[in-house]
Amino acid sequence: MGVAAGPIRVVVAKPGLDGHDRGAKVIARALRDAGMEVIYTGLHQTPEQIVGTAIQEDADAIGLSILSGAHNTLFAAVIDLLQERDAADIVVFGGGIIPDDDIAPLKEKGVAAIFTPGATMQSVVEWVRENVRQPAASGG
């Protein structure tokens, strides 16, 4: 697999039964406004739907937003499915109401970053730019 051309592609998803999507929409818009291609999946997505969308859309990253408290189960399921489908190169990051004690285990599982309330949109955009595939800018 070579370096993909074009803007970074991010799937923003709301896993599980959580019905609060303002944060996900704000993140999606911030990433879009920063020049990234964003696919927002909408509410109530299963890990299977999220991973399927990411693969189908040739995403570079998945941003998961959760407020329901099911982050340990749902984030892990997304990571496991990406591995099962040979798509572990898709970077997973998340945000929402996630207790500090859960952040290290989520990172150990493979979630690259967790953004909690108070994180700025700029910090999320900069993190994605620095930690997800860079658009091809120069010949090599």
Side-chain angles (χ1 to χ4, degrees):
M1 199 187 289
V3 174
I8 295 171
R9 294 177 59 85
V10 182
V11 168
V12 174
K14 290 290 301 181
L17 299 177
D18 181 1
H20 302 282
D21 64 349
R22 180 187 291 180
K25 287 179 177 177
V26 169
I27 291 292
R29 184 173 183 157
L31 295 173
R32 182 204 67 195
D33 289 351
M36 298 176 206
E37 290 184 9
V38 178
I39 301 93
Y40 175 60
T41 63
L43 293 170
H44 311 301
Q45 298 294 296
T46 66
E48 292 82 1
Q49 290 170 315
I50 294 165
V51 169
T53 298
I55 291 169
Q56 182 178 1
E57 294 289 345
D58 196 25
D60 300 300
I62 299 172
L64 299 171
S65 172
I66 196 158
L67 302 175
S68 68
H71 48 273
N72 290 323
T73 302
L74 293 170
F75 285 22
V78 168
I79 297 287
D80 290 344
L81 286 166
L82 286 170
Q83 291 170 346
E84 288 172 18
R85 298 196 54 193
D86 289 327
D89 59 329
I90 298 174
V91 177
V92 177
F93 63 98
I97 305 299
I98 299 172
D100 290 342
D101 290 347
D102 291 344
I103 293 174
L106 287 169
K107 287 185 174 182
E108 289 172 17
K109 181 66 179 172
V111 179
I114 298 291
F115 297 94
T116 55
T120 66
M121 295 306 102
Q122 188 61 35
S123 68
V124 176
V125 167
E126 288 175 4
W127 184 89
V128 171
R129 282 187 177 143
E130 292 171 6
N131 293 281
V132 177
R133 172 199 57 89
Q134 295 296 311
S138 62

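Along the sequence shown, residues carry numbers from 1.
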Non-hydrogen atoms of [X] and [Y] that approach each other most closely:
| X | Y | value |
| --- | --- | --- |
| A34 | V125 | CB-CG1, 3.5 Å |
| M121 | A30 | CB-CB, 3.9 Å |
| I39 | R9 | CD1-NH2, 3.7 Å |
| G94 | V111 | N-CG1, 4.2 Å |

Legend entry - Of all pairs that satisfy side chain to side chain donor-acceptor pair (under 3.5 Å), the ones with a partner from residues 103-119, not counting sequence neighbours: D80-K109
Inset, instruction - Could you list all the side chain to side chain donor-acceptor pair (under 3.5 Å) pairs where at least one residue sits in residues 22-31, not counting sequence neighbours? - result: D21-K25
Legend entry - E126: salt bridge (Lys or Arg N to Asp or Glu O under 4.0 Å) partners, not counting sequence neighbours: none
Value rounded to 0.5 Å, distance of [atom1] in [X] from [atom2] in [Y]:
| X | Y | atom1 | atom2 | result |
| --- | --- | --- | --- | --- |
| S65 | Q45 | OG | CD | 12.5 Å |
| I50 | T41 | CD1 | OG1 | 5.5 Å |
| T46 | L17 | OG1 | CG | 11.0 Å |

Starting from [Y], can I reach [X] by hopping between I/L/V/M/F/W/Y residues whose side chains sit under 4.5 Å apart?
| X | Y | value |
| --- | --- | --- |
| I98 | I79 | yes |
| V11 | M36 | no |
| V132 | V92 | no |
| V12 | F75 | no |
| L43 | V26 | yes |

Inset, instruction - Could you go through the side chain to side chain contact (heavy atoms under 4.5 Å, CB included) check for V91 and D60 one step at a time? - result: CA-CA 6 Å; V91 177; D60 300 300; over 6 Å; no
Legend entry - Which residues share a side chain to side chain donor-acceptor pair (under 3.5 Å) with Q56, sequence neighbours left out: none
Inset, instruction - Sequence neighbours left out, what passes side chain to side chain donor-acceptor pair (under 3.5 Å) with Q83? Give chain and number order. - result: none
Legend entry - Pair V10-I27, side chain to side chain contact (heavy atoms under 4.5 Å, CB included): steps then yes or no: CA-CA 11 Å; V10 182; I27 291 292; over 6 Å; no
Inset, instruction - Please lay out, stage by stage, how L74 and L64 fare under the test side chain to side chain contact (heavy atoms under 4.5 Å, CB included). - result: CA-CA 9 Å; L74 293 170; L64 299 171; over 6 Å; no
Quick one: side-chain contact (heavy atoms from CB on, under 4.5 Å) partners of [X], sequence neighbours excluded?
| X | answer |
| --- | --- |
| H20 | D18, L67 |
| I55 | V51, R85, A87, I90 |
| A119 | F115, S123 |
| P117 | I97 |

Inset, instruction - Not counting sequence neighbours, list each pair that qualifies as a ring-ring contact (aromatic ring centres under 6.0 Å, His included) and has a residue in residues 26-63. - result: none
Inset, instruction - Write out all pairs satisfying ring-ring contact (aromatic ring centres under 6.0 Å, His included) with one or both partners inside residues 52-73, taking only residues at least two apart or from two chains. - result: none
Legend entry - Partners passing ring-ring contact (aromatic ring centres under 6.0 Å, His included) against F93 (at least two apart in sequence or in another chain): W127
